[in-house]
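Below is one structure, written out as structure tokens, with a few remarks after it.
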Amino acid sequence: MLDNILSLAGVHTHIGPYHILQGIDMEIPEGEITVLLGRNGAGKTTTAQTILGLLHPSAGTIFFDGKPIHQLDAPQVVRRGIGYVPEQMNVFLDLTVMENLILAAYDRPRPDEEHLQTIYQLFPPLEKMLQKRAGVLSGGQKQMLSIARAMVLPRRMIIIDEPAKGLAPSIVNSLASSLETMREAGTTVLLIEQNLPFASRVGQHFYVLEDGMVVHNGLIEQLNKDLELQNRLLGLEG
């Protein structure tokens with residue numbers, strides 16, 4: 001049985017007067033890819049931001065690697081070993097690919113060379129474009145760079161928000177292969193996604209949110225066999 005690297009229990013999150021998360025319970029197995037599904041406004045991104053300390057829960061607990069993180073701020077959570085790739089691709093368009101990677105290393109003068117080689121193996125196009133400005137990259141290449149930035153420092157877990165959105169099928173296939181390689185190397189991934197074929201290919205576990213609550217969870221292979229649930233999920237928008 002796999003150990004859980006991340007656990008949420010009874011998590012409630014408010015944004016101003018709005019009660020967004022209403023008692024989230026989740027268990028994320030270490031070394032696996034767990035997919036978080038749900039309609040726009042269901043609370044997926046709020047869940048990610050609450051885990052990361054960008055938002056603080058009004059109730060409940062979050063444990064990472066057996067230690068509580070729900071009262072920590074984002075920089076403290078990141079230092080514990082969680083990376084984040086937001087939906088809007090957090091790259092600096094006027095900087096080169098290498099400069100983007102260097103900035104992601106924070107207080108280090110440059111990323112560890114061995115770790116960079118691992119990133120290049122995951123995303124071969126990036127190594128050929130190190131001196132190009134990020135602004136001239138294609139959408140798929142920007143997404144690769146965004147994920148690479150989250151991996152510049154060693155991460156035990158990465159949260160990725162809708163990486164396949166708006167990408168061509170060939171790029172989505174390449175991205176799926178990269179995520180599978182990350183998992184095989186031992187990185188835990190929480191993937192927020194609405195592309196069901198993509199999610200079904202890369203994920204092992206899934207949760208579905210509706211109105212800030214978990215309404216379904218289980219193994220992806222079970223989701224693949226449940227046509228009624230698939231039909232419901234396939235109606236998701238953006």
Donor-acceptor under 3.5 Å (Gln204 side chain, Val202 main chain): yes
From Ser200 atom OG to Ile220 atom CD1, the distance as rounded to the nearest 0.5 Å: 5.0 Å
Side chain to side chain, Val214 and Ile24, heavy atoms closer than 4.5 Å: yes
Side chain to side chain contact (heavy atoms under 4.5 Å, CB included) assessment of Lys128 paired with Tyr120: CA-CA 9 Å; Lys128 302 174 184 178; Tyr120 300 153; over 6 Å; no
Distance in Å, His205 NE2 paired with Leu219 CG, rounded so as to fall on 0.5 Å steps: 6.0 Å
Shortest non-hydrogen contact between Asn90 and Arg149, atoms and distance: O-NE, 2.9 Å
Presence of salt bridge, Lys165 and Glu193, under 4.0 angstrom: no
Rounded distance [0.5 Å steps], CD in Glu114 versus CD1 in Ile119: 12.0 Å
Nearest heavy-atom neighbours spanning His70 and Gly60: CD2-O, 3.9 Å
Over 12 non-hydrogen atoms of neighbours within 6.0 angstrom of CD in Gln71: no
For Asp226, side-chain hydrogen bond (donor to acceptor under 3.5 Å, both in side chains) partners two or more places apart: none
Beyond-backbone contact of Tyr207 with Leu37, side-chain heavy atoms, under 4.5 angstrom: no
Hydrophobic cluster membership, Ile171 vs Met182, 4.5 Å side-chain cutoff: yes
Note, Arg201 side chain near Ser177 side chain (heavy atom, < 4.5 Å): yes
Residues forming a side-chain hydrogen bond (donor to acceptor under 3.5 Å, both in side chains) with Gln49, sequence neighbours excluded: none
Steps toward side chain to side chain contact (heavy atoms under 4.5 Å, CB included) verdict (Gln121, Glu127): CA-CA 9 Å; Gln121 290 172 8; Glu127 186 174 15; over 6 Å; no
Residue pair Met157 / Val189, side-chain heavy-atom distance below 4.5 Å: no
Intermediate values then yes/no, side chain to side chain contact (heavy atoms under 4.5 Å, CB included), Leu190 and Ile51: CA-CA 11 Å; Leu190 177 58; Ile51 294 168; 3.8 Å; yes
With Tyr84, the side-chain contact (heavy atoms from CB on, under 4.5 Å) member among Ile160, Ile158, Leu52: Leu52
Distance (rounded to the nearest 0.5 Å) between Leu21 CG and Thr47 OG1: 4.5 Å
Exam field: side chain Gln143 to backbone Pro163, donor-acceptor pair closer than 3.5 Å: yes
Nearest atoms (heavy-atom pairs only) where Phe64 meets Gly81: CZ-O, 4.1 Å
Heavy atoms of other groups near Asp25 CG, more than 12 under 6.0 Å: yes
Single-linkage hydrophobic cluster Val136~Leu101, side-chain heavy atoms < 4.5 angstrom: no
Arg155 side chain to Ala150 backbone, donor-acceptor under 3.5 Å: yes
Donor-acceptor pair between Arg183 and Ser178 side chains, under 3.5 angstrom: no
Hydrophobic cluster identity match, Ile147 and Leu93, side-chain contacts under 4.5 Å: yes
Spatial distance of atom CD1 (Ile82) from atom CZ (Arg156) [nearest 0.5 Å]: 10.0 Å
Hphob cluster co-occupancy, Leu179 + Met151, side-chain heavy atoms under 4.5 angstrom: yes
Glu113 atom CD, neighbour heavy-atom count above 12 within 6.0 Å: yes
Asp161 side chain vs Val85 backbone, donor-acceptor pair below 3.5 Å: no
Flag, side chain of Gln76 to backbone of Asp73, donor-acceptor distance under 3.5 Å: yes
Hphob cluster co-occupancy, Val77 + Val152, side-chain heavy atoms under 4.5 angstrom: no
side-chain hydrogen bond (donor to acceptor under 3.5 Å, both in side chains) contacts in which one or both residues fall within residues 6-22, not counting sequence neighbours: Ser7-Glu27, His12-His19, Thr13-Thr50, His14-Ser58
Taking every non-hydrogen atom, the tightest pair across Leu116 and Met98: CD1-CE, 4.3 Å
Close side-chain approach of Glu32 and Thr188, heavy atoms under 4.5 Å: no
Side-chain heavy atoms of Asn4 within contact of Ile28, under 4.5 Å: no
Nearest heavy atoms of Ile159 and Ala48, plus distance in Å: CG2-CB, 3.8 Å
Test log, rule side chain to side chain contact (heavy atoms under 4.5 Å, CB included), inputs Phe206 and Thr34: CA-CA 5 Å; Phe206 77 97; Thr34 299; over 6 Å; no
Closest approach of Asn100 to Ala134 (non-hydrogen atoms, all atoms of both residues): ND2-CB, 3.7 Å
Exam field: side chain Lys44 to backbone Ile192, donor-acceptor pair closer than 3.5 Å: no
Side chains of Asp94 and Arg133 in contact at under 4.5 Å (non-hydrogen atoms): yes
Asp65 with Arg80: basic N within carboxylate O range, under 4.0 Å: no
Flag side-chain contact, heavy atom, 4.5 Å: Lys132 against Thr96: no
